[in-house]
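In what follows, a single structure is set out as structure tokens and then discussed.
Computation of the quantities below employed the complete heavy-atom set of this structure, encompassing side-chain atoms and omitting hydrogens, waters and symmetry-equivalent molecules.
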Amino acid sequence: MKTLKEAKIGETLRVVKITGEGAVKRRIMDMGITKGVDVYIRKVAPLGDPVEVTVRGYELSIRKADAAMIQVENA
């Protein structure tokens with residue numbers, strides 16, 4: 001299964017599962033990234049951290065460590 005960390009710029013992906021636990025998983029979900037939502041990859045910083053995405057109509061920057069916990073599939 002592909003993670004958000006491995007996504008390329010310009011892809012639109014659908015969230016399948018969030019593998020984090022506890023407070024980390026809750027924080028990701030509070031940002032609007034939940035199962036079934038579409039995520040568009042806008043930018044990736046030069047060193048790969050953070051990743052800028054569009055989710056639910058707003059821009060969001062996600063750390064590489066958090067992006068690795070979000071499993072996605074092609075939308």
### Query
Would Thr54 and Thr12 satisfy side-chain contact (heavy atoms from CB on, under 4.5 Å), going step by step from the backbone distance to the final call?
CA-CA 9 Å; Thr54 300; Thr12 299; over 6 Å; no

#### Entry: For Val37 against Thr34, the heavy-atom pair lying closest together
CG1-O, 3.1 Å

### Query
Is there a side-chain contact between Val72 and Thr3, using heavy atoms and a 4.5 Å cut-off?
no

### Task
Might you work through the side-chain contact (heavy atoms from CB on, under 4.5 Å) test for Val51 and Asp49, ending with a clear yes or no?
CA-CA 6 Å; Val51 177; Asp49 196 14; over 6 Å; no

### Task
Show your working on salt bridge (charged side-chain N to carboxylate O under 4.0 Å, His left out) between Arg63 and Asp66 and close with a plain yes or no.
CA-CA 5 Å; Arg63 294 182 307 189; Asp66 292 343; 3.4 Å; yes

## Note on the structure
When every non-hydrogen atom of Leu47 is compared with those of Lys64, the smallest separation belongs to O-NZ, 3.7 Å

### Query
Between Arg42 and Ser61, does any side-chain donor sit less than 3.5 Å from a side-chain acceptor?
no

### Heavy-atom closest contact (Ile41 atom, Ala7 atom, distance)
CG1-CB, 3.7 Å

#### Entry: Rounded distance (nearest 0.5 Å) linking atom CE of Met29 with atom CD1 of Ile18
5.5 Å

### Message
Any salt bridge linking Glu21 with Arg26? Criterion: basic side-chain nitrogen under 4.0 Å from a carboxylate oxygen.
### Response
no

### Task
Not counting sequence neighbours, which residues clear salt bridge (Lys or Arg N to Asp or Glu O under 4.0 Å) with Glu73? List them please.
none

### Message
Can you confirm whether Lys35 is buried at NZ, in the sense that more than 12 heavy atoms of other residues, nucleotides or ligands lie under 6.0 Å from that atom?
### Response
no

### Summary
The reported gap from NZ in Lys25 to CG in Asp30 (rounded to nearest 0.5 angstrom) is 12.5 Å

### Query
Can you check whether Leu13 reaches Asn74 side chain to side chain, under 4.5 Å on heavy atoms?
yes

### Task
Is it possible for you to say whether Tyr40 and Val16 belong to one hydrophobic cluster, with membership spreading through side-chain heavy-atom contacts below 4.5 Å?
no

### Message
When you compare the side chain of Gln71 with that of Thr19, does any pair of heavy atoms fall below 4.5 Å?
### Response
yes

## Note on the structure
In terms of heavy-atom contacts, Arg14 and Asp38 come closest through NE-OD1, 3.0 Å

### Task
Indicate the atoms forming the closest heavy-atom contact of Leu4 with Ile62, along with that distance.
CD2-CD1, 3.8 Å

